[in-house]
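The structure appears below as structure tokens.
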Amino acid sequence: QVQLVESGGGLVQAGDSLTLSCAASGHTFSSLSMGWFRQAPGKEREFVAAIGWSGDTLYADSVKGRFTISRDNAKNTVYLQMNSLKPEATAVYYCAARGPYTSGDFYDSPRTYNYWGQGTRVTVSS
């Protein structure tokens, strides 16, 4: 069993930056592939970014060039650095994990992730 705890959400203005963190426990973190998803009010959960156990990354087109996903295996933590935030980024952001040692296929599909955090809310005002 993997436990995930997100932090770092908050209220920011358009154009600001914010970094989300997700601390994992209960499994060998380095073997897990990690993803960030978000869900805006009234919308389906959507893929934001993913990082594999080997370090490969994948981004949604809407965030490419502005968001960066990274991981620190020594701290069992995955990060999502968000720059140039837009109001449409307002959502609850969820951290997800799958593993161990899965391939890069379907990183962007929430159905392929086994574990989820409770989410952290990000609000971007215009």
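- Here the shortest heavy-atom pairing between Leu4 and Ala24 reads CD2-CB, 3.6 Å.
- Contact annotation: the side chain of Leu32 approaches that of Val2 to within less than 4.5 Å [non-hydrogen atoms, C-beta and beyond].
- In terms of heavy-atom proximity, Ser84 sits nearest to Ser17 at N-OG, 4.2 Å.
- Here the OG atom belonging to Ser33 is positioned 7.0 Å from the CG atom belonging to Asp56, to the nearest 0.5 angstrom.
- Between the side chains of Thr77 and Asp72, no donor N or O sits under 3.5 Å from an acceptor N or O.
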Report the C-alpha distance between Met82 and Val122 in whole Å, list the side-chain angles of each, state the deciding distance to 0.1 Å, and finish with yes or no for side chain to side chain contact (heavy atoms under 4.5 Å, CB included). CA-CA 11 Å; Met82 305 184 293; Val122 174; 4.1 Å; yes
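- Taken to the nearest 0.5 Å, the OG1 atom of Thr112 stands 8.5 Å off from the CZ atom of Phe106.
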Please determine whether side chain to side chain contact (heavy atoms under 4.5 Å, CB included) holds for the pair Leu80 and Thr68, giving the CA-CA distance in whole Å, both sets of side-chain angles, and the decisive distance to 0.1 Å. CA-CA 6 Å; Leu80 184 68; Thr68 302; over 6 Å; no
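- Residues Val78 and Ser70 approach most closely at CG2-O, 3.1 Å, considering heavy atoms.
- The OG1 atom of Thr120 sits 10.5 Å away from atom OH of Tyr93, with the distance rounded to the nearest 0.5 Å.
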Which is it for Thr19 and Gln81 under the side-chain hydrogen bond (donor to acceptor under 3.5 Å, both in side chains) test, yes or no, and what are the steps along the way? CA-CA 4 Å; Thr19 299; Gln81 171 69 41; 2.3 Å; yes
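- For the pair Arg98 and Trp53, the cation-pi criterion (under 6.0 Å, within 45° of the ring axis) is not fulfilled.
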Pair Arg38-Val63, side chain to side chain contact (heavy atoms under 4.5 Å, CB included): steps then yes or no: CA-CA 12 Å; Arg38 66 188 180 188; Val63 306; 4.1 Å; yes
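- Of all non-hydrogen atoms in Leu18 and Val12, the two that sit nearest each other are CD1-CG1, 3.9 Å.
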Leu20/Ser7 under side chain to side chain contact (heavy atoms under 4.5 Å, CB included): CA gap, chis, key distance, verdict: CA-CA 6 Å; Leu20 306 182; Ser7 62; over 6 Å; no
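- Both tests hold for Arg45 against Tyr94: distance to the six-membered ring centre under 6.0 Å, angle to the ring axis within 45°.
- Within 6.0 Å of the OH atom in Tyr115, the count of heavy atoms belonging to other residues, nucleotides or ligands exceeds 12.
- Cluster annotation: Phe47 is not connected to Met34 through the hydrophobic network of ILVMFWY side chains, with a link wherever side-chain heavy atoms come within less than 4.5 Å.
- A single hydrophobic cluster is not seen to contain both Trp36 and Tyr113; linkage of ILVMFWY side chains at heavy-atom distances under 4.5 Å, directly or through other members, places them apart.
- Hydrophobic clustering of Ile, Leu, Val, Met, Phe, Trp and Tyr side chains at less than 4.5 Å, counting indirect connections, keeps Tyr107 apart from Tyr59.
- Counting heavy atoms from C-beta on, the side chains of Glu46 and Glu44 never come closer than 4.5 Å.
- Looking at His27 and Pro100, their side chains come closer than 4.5 Å, going by heavy atoms from C-beta outward.
- For the atom pair Ser125 OG and Gln13 CD, the distance stands at 5.0 Å (nearest 0.5 Å).
- Atom-to-atom distance recorded for Ser21:OG and Lys75:NZ is 9.0 Å, nearest 0.5 angstrom.
- In terms of heavy-atom proximity, Gly99 sits nearest to Thr102 at CA-CG2, 3.7 Å.
- Taking NZ of Lys86 as the start and OG of Ser62 as the end, the distance is 8.0 Å to the nearest 0.5 Å.
- When atom types are taken as modelled, the side chain of Glu6 and the backbone of Gly119 share a donor-acceptor pair closer than 3.5 angstrom.
- Between Phe37 and Trp116, the distance separating the two ring centers is shorter than 6.0 angstrom.
- No single ILVMFWY cluster, assembled from side-chain heavy atoms under 4.5 Å apart, contains both Leu85 and Tyr79.
- Residue-environment remark: CD (Glu88) exceeds the threshold of 12 foreign heavy atoms within 6.0 Å.
- Summarising the geometry of Ser126 relative to Ala14, their closest heavy-atom pair is CA-CB, 4.3 Å, with the distance given to 0.1 Å.
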